[in-house]
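Quick note on labels: first sequence line is chain A, next is B, and so on, each numbered from 1. Here the structure is a predicted model, which is why all the values come from computation and not from measurement.
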Amino acid sequence: MPELPEVETVRRGLLAHLQGRRIRSVRVLHDRAVRRHLGGADDFQRVLAGRTVADVRRRGKYLWWVLDDDDAVLAHLGMSGQFRVGSAPNPDPAGHPHLRIRFAFDDDGPGLDFLDQRTFGGMTFAPGGAELPAAIAHIARDPLDPMFEPASAIGAVRRKHTGIKRALLDQTVVSGVGNIYADEALWRARTHFERPTDRLTRAQAAAVLAAATDVMTQALAAGGTSFDALYVNVNGESGYFDRSLNVYGRADQACPRCGTPIRRSAFMNRSSYWCPRCQRPPRA
DNA sequence: CAAACTACCTGACTGC
DNA sequence: TGCAGTCAGGTAGTTT
């Protein structure tokens, strides 16, 4: 499940692979991969052919390739999207069920494939979007952005009238945090996921955001988190931060801090993992 | 206007 | 063995 550290790992791989290369052809093999591109698959293929990739940037879980003429192409990995260098894992498009988009380049070097099992990911052309594609103008800066302002994010959290985990997952408040790192950050900050944002002190909100920043920084250094083959870098390799997770996916196992069994609770049609001793629930 | 809810997807896994 | 049900979950659009 790609969150900020995984997307940043992919961004770095894409930059190394794509910078300065001219796209020769694009083949869309599944319409859903370009569902946000209004012109459809044919237009997507046509508009990208002949364009040169100058840079690869990221905000939160979105990344975009900067093209010539100030245009860009925006991508989101969704739940299971992957960019893979070369013709791996299968040179025959028809032979790989998850291949969605295939890129070839003028230099006859390795191609690039976008694969996506669950099809929540996708790409769209973003005219004039080199600096920031208009489609993601509503996405807040993420904690690894040099322009990220903690005081601003703290204020945004405390202005919400909801639980702290919903605020962490709200990409207009702070971006890049998904279910895994939200649970890890809340455990580190000893904060229950339902604690009301409008009753957090500035120091409490700051502690949660600092914990999110720390855990994502450490995960990035480890190459990201992976539980299975769904998340991999552009070379198909998994990160190893899953060995460092303290609560996520560890229901009934001992809390690394106090030994109390970790709980799993239903939350927003998914799960929250938390320590009932370190993270006391708010009064009802 | 903001918060909450739902649809969108496929494959691995569980229980009968 | 087969099959229905559950779970994984980010985002956009809809409803409250």
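Across every non-hydrogen atom of A/Arg141 and A/Asp145, the tightest pair is NH1-OD2, 2.9 Å. Of all heavy-atom pairs between A/Asp71 and A/Gly128, the closest is OD1-N, 2.7 Å.
For A/Asp43, the salt bridge (charged side-chain N to carboxylate O under 4.0 Å, His left out) criterion is met by A/Arg46, not counting sequence neighbours. Taking A/Arg263 as the reference, A/Trp274, A/Pro276 meet the side-chain contact (heavy atoms from CB on, under 4.5 Å) condition, with sequence neighbours excluded. In this structure A/Gln19 satisfies the side-chain hydrogen bond (donor to acceptor under 3.5 Å, both in side chains) test with no other residue, sequence neighbours excluded. By the side-chain contact (heavy atoms from CB on, under 4.5 Å) test, A/Ala206 pairs with A/Ile154, sequence neighbours left out. Listed by chain and residue number, A/Leu4, A/Val7, A/Glu8, A/Arg11, A/Leu63, A/Asp142, A/Leu144 satisfy the side-chain contact (heavy atoms from CB on, under 4.5 Å) test with A/Arg58 (two or more places apart in sequence, or in another chain). Residues satisfying the side-chain hydrogen bond (donor to acceptor under 3.5 Å, both in side chains) criterion with A/Arg264, sequence neighbours excluded, are absent altogether. Partners of A/Arg36 under the side-chain contact (heavy atoms from CB on, under 4.5 Å) rule, at least two apart in sequence or in another chain, are A/Tyr62, A/Thr124, A/Ala135.
A residue-by-residue look at A/Arg159 and A/Thr119 shows that A/Arg159 has its nearest nucleotide of DNA chain B further toward the 5' end. Between A/His98 and A/His161, the residue anchored nearer the 5' end of DNA chain B, judged by the nucleotide with its closest heavy atom, is A/His161.
When rounded to the nearest whole Å, the span between CZ of A/Arg35 and P of C/dA12 equals 9 Å. A/Ile136 places its CD1 atom 13 Å from the C1' atom of C/dT11, with the value rounded to the nearest Å. Remark: C1' of C/dA12 and CG of A/Leu74 are 14 Å apart, rounded to the nearest angstrom. Between the CG atom of A/Asp116 and the C1' atom of C/dT11 there is a distance of 13 Å, given to the nearest Å. Atom CG in A/Asp183 sits roughly 10 Å away from atom P in C/dG10 (whole-Å rounding). One can place CG of A/Asn179 at 9 Å from C1' of C/dA8, the figure rounded to the nearest angstrom. Here the C1' atom of nucleotide C/dG10 and the CZ atom of A/Arg32 are 12 Å apart, to the nearest Å.
Taking 4.5 Å as the limit, every side-chain heavy atom of A/Ser175 sits out of range of all side-chain heavy atoms of A/Lys61.
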Which protein N or O atoms sit under 3.5 Å from an N or O of nucleotides 13-16 of chain C?
none

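Close to C/dG10, at under 4.0 Å from its OP1 or OP2, lies no side-chain N or O of A/His76. Proximity of A/Gln171 to the phosphate of C/dG10: no side-chain N or O atom is located under 4.0 Å from OP1 or OP2. A close approach under 4.0 Å does occur between a side-chain nitrogen or oxygen of A/Tyr62 and OP1 or OP2 of C/dA12.
Using modelled atom types, one side-chain atom of A/Asn179 and one backbone atom of A/Ser271 make a donor-acceptor pair closer than 3.5 Å.
Side-chain polar atoms of A/Thr52 and A/Arg22 form no donor-acceptor pair below 3.5 angstrom.
Nucleic acid contact class of A/His30 (heavy atoms, under 4.0 Å, all strands): none.
Less than 4.0 Å separates DNA chain C from at least one heavy atom of each of the following residues of residues 263-274 of chain A: A/Arg264, A/Arg270, A/Ser271, A/Tyr273.
Between its opening and closing five pairs, the helix from B/dA2-C/dT16 to B/dC16-C/dG2 changes axis direction by 50°, a value rounded to 10 degrees.
The nucleotide range of DNA chain B contacted by chain A, defined by atoms under 4.0 angstrom from heavy atoms of the protein and reported 5' to 3', is B/dA3 to B/dG11.
Counting only residues at least two apart or in different chains, ring pair (Phe, Tyr, Trp, His ring centres under 6.0 Å) contacts with residues 106-152 of chain A comprise A/Phe83-A/Phe114.
In this structure, A/Arg35 places its CZ atom where more than 12 heavy-atom neighbours from other residues, nucleotides or ligands lie under 6.0 Å away.
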